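Notes to accompany the following structure.
The shown structure was predicted, so the numbers you read here are calculated from the model rather than taken from an experiment. Whatever order the structure lists them in is the order used to number ligands and atoms, beginning at 1.
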Amino acid sequence: MKILLIGSGGREHALAWAIAGSPLTEALVIAPGSAAMASLGRCVDVGAEDIDGLLALADDMGPDLVVVGPEAPLVAGLVDRLTAAGHAAFGPTAAAAQLEGSKAFAREACARFGIPQPGFTVCRDLDSATAAIAAAGGSCVVKADGLAAGKGVVVANDADEARAAAAEMLDGRFGESGRTLLIEERIAGPEASLFALIDGTDALFMGSAQDHKRAFDGDRGPNTGGMGAVSPAPRLTEDLQTQVMDDIVTPLARGMAAEGTPYRGILYVGLMLTNTGPQVIEFNCRLGDPEAQVILPRLRSDLVAAMLGTIEGSLGHLSLRWDDSAAVTVVMATKGYPGAYEKGSVISGTEVAAGDDVILFHAGTTIDADGTLRAAGGRVLAVTGLGVDVTAARSAAYAAVDAIDWPKGFCRRDIAAT
Ligand code: AMP
Ligand code: GLY
């Protein structure tokens with residue numbers, strides 16, 4: 001098969017690695033891809049958000065399968081456009097991707113389908129937000145409705161903090177994303193993420209992970225896209241996993257289909273494991289980054305076959321096999337991230353770091369003509385270690401991190417430590 005993959009980050013490097021390893025793959029084209037991905041497929045310089053450009057590329061190459069990595073083109077309707085043009089595309093339609101694109105849409109859908117989640121109120125002005133904050137007892141969670149690159153959530157300790165956050169969002173700090181707000185009941189418990197393939201009706205468990213969102217050790221510092229992850233999610237027991245599939249994923253798949261917006265693709269379910277059971281924190285309509293870097297290396301079944309089954313609606317006949325081992329990924333980022341940072345610093349030692357129990361995924365690097373590797377982004381490398389258990393996987397990942405010489409980089413030292 002000829003496969004077109006859209007995206008350029010660490011998640012897409014992991015997808016490219018898994019797709020290139022499939023016996024079904026004859027040719028892989030990546031748009032835009034990256035220098036590090038060029039060993040896995042042919043990279044074409046069309047950006048992941050250039051919908052018209054991607055459509056022209058698909059028409060030109062005639063792929064048997066298009067795989068969309070990031071959320072922005074999904075929410076913008078890339079899969080709708082590709083499907084209309086006759087291409088088989090993996091990922092939800094714009095209507096179904098609203099589960100990530102609009103937190104109000106997601107909460108209202110869960111409420112209709114009886115899916116466990118915190119109480120919430122949708123607000124469009126400060127008066128209604130103030131009333132909802134008071135009704136929640138002051139301490140609550142304020143969220144911008146739309147995509148805000150992980151920054152549109154404020155967990156507020158009291159009414160003043162919540163009201164200030166609401167005012168700032170309504171003022172346009174996140175543009176249109178924040179014109180609609182959610183005021184949510186603040187729930188507590190460990191977090192975990194569960195992934196599922198959904199083919200419109202049937203759902204299949206597609207791994208679990210726990211990520212580390214804060215920049216610094218001890219969960220301190222600003223929120224980031226994710227500084228590391230571990231799979232399987234340590235707190236998500238098999239019983240809880242079954243409960244999430246039965247009480248959250250299946251009712252969602254059935255409900256979306258019944259309402260005429262069937263979900264096809266991979267669903268990322270962000271969960272809080274409360275005293276009364278798992279509740280939905282958020283949905284994403286794609287694999288996570290860096291969660292993909294720990295989930296895909298543990299998948300023993302063929303990813304391409306699973307994606308085709310998702311598009312064709314045949315997941316009911318499929319099962320996935322997983323490695324019993326654990327995976328831990330440590331993200332190496334440029335000093336300054338998630339704030340301002342310098343680009344172009346030299347990274348060496350990556351050849352030494354690679355090994356049987358280590359996979360080096362590149363999230364933001366360039367390679368000079370003479371082979372020099374340089375940092376070209378905030379999150380730069382995701383170093384995945386594999387092992388019989390979390391401790392072994394963690395040691396493998398950090399041994400590789402320690403072999404990498406990059407004075408301008410930093411990472412957390414406590415990924416998967418507890
Ligand atoms: P989100 O972007 O929706 O995943 O939210 C970011 C983080 O805010 C989550 O990982 C949780 O730690 C926290 N959070 C979101 N919603 C709630 C809630 N209703 N109660 C408590 N914490 C929450
Ligand atoms: N690591 C969080 C995400 O991909 O949304």
Query - Check: A96 main-chain N/O paired with Q98 side-chain donor or acceptor under 3.5 Å - result: no
Query raised in the report: Would you say the side-chain atoms of D302 pair up with the backbone N or O of S22, donor to acceptor, closer than 3.5 Å?
Result: no
Whether [Y] and [X] form a salt bridge (side-chain N of Lys/Arg under 4.0 Å from carboxylate O of Asp/Glu) is what I want to check.
X    : Y    : value
K143 : E282 : no
D324 : R300 : no
R179 : D125 : no

Would you mind listing which atoms of ligand 1 come within a distance below 4.0 Å of any non-hydrogen atom of [X]?
X    : answer
R186 : 20 (N), 21 (C)
E185 : 18 (C), 19 (N), 20 (N)
K213 : 10 (O)
K103 : 2 (O), 3 (O)

**Report entry** Option passing side chain to side chain contact (heavy atoms under 4.5 Å, CB included) with F90 (candidates L197, V304, V66, L308)
**Finding:** L197
Report summary line: From the list L4, L54, L5, L78, side chain to side chain contact (heavy atoms under 4.5 Å, CB included) partner of V68 resolves to L78
Query - Nitrogen or oxygen atoms of K213 and ligand 2 under 3.5 Å apart - result: no
Query raised in the report: Would you say G288 and ligand 2 have an N/O pair spaced under 3.5 Å apart?
Result: no
Query raised in the report: Should L271 and L236 count as side-chain neighbours, where that means a heavy-atom distance under 4.5 Å?
Result: yes
Requested in this report: Would you please test D145 and F105 for side-chain contact (heavy atoms from CB on, under 4.5 Å) and show each step?
Outcome: CA-CA 9 Å; D145 177 54; F105 175 92; 5.9 Å; no
Query raised in the report: Taking N or O atoms only and a 3.5 Å limit, does E282 qualify as a polar contact for ligand 1?
Result: yes
Query raised in the report: Can an N or O of E184 be found at a distance shorter than 3.5 Å from an N or O of ligand 1?
Result: yes
Query raised in the report: So, does R11 sit close enough to ligand 2 that a heavy atom of it is under 4.0 Å from the ligand?
Result: no
Query raised in the report: So is P290 close enough to ligand 2, meaning a heavy atom under 4.0 angstrom away?
Result: yes
Quick one: which ligand 2 atoms are inside 4.0 Å of a heavy atom on [X]?
X    : result
G225 : 1 (N), 2 (C)
E291 : 1 (N), 2 (C), 4 (O)
D211 : 1 (N), 2 (C)
N284 : 5 (O)

Requested in this report: Any chance you could lay out the side-chain contact (heavy atoms from CB on, under 4.5 Å) test for R107 and V122, step after step, and finish with the verdict?
Outcome: CA-CA 9 Å; R107 287 284 182 229; V122 179; 6.0 Å; no
Query raised in the report: What part of R286, side chain, backbone, both or neither, has a heavy atom within less than 4.0 angstrom of ligand 2?
Result: side chain
Query raised in the report: Can you tell which of K143, E191, Q279, R214 gets a heavy atom nearest to atom 10 (O) of ligand 1?
Result: E191
**Report entry** ligand 1 versus I187: contacting region, heavy-atom distance under 4.0 Å
**Finding:** both
Report task. Could you check whether the rings of F195 and Y268 sit parallel, tilted or perpendicular, using 30° and 60° as the cut-offs? Result -> perpendicular
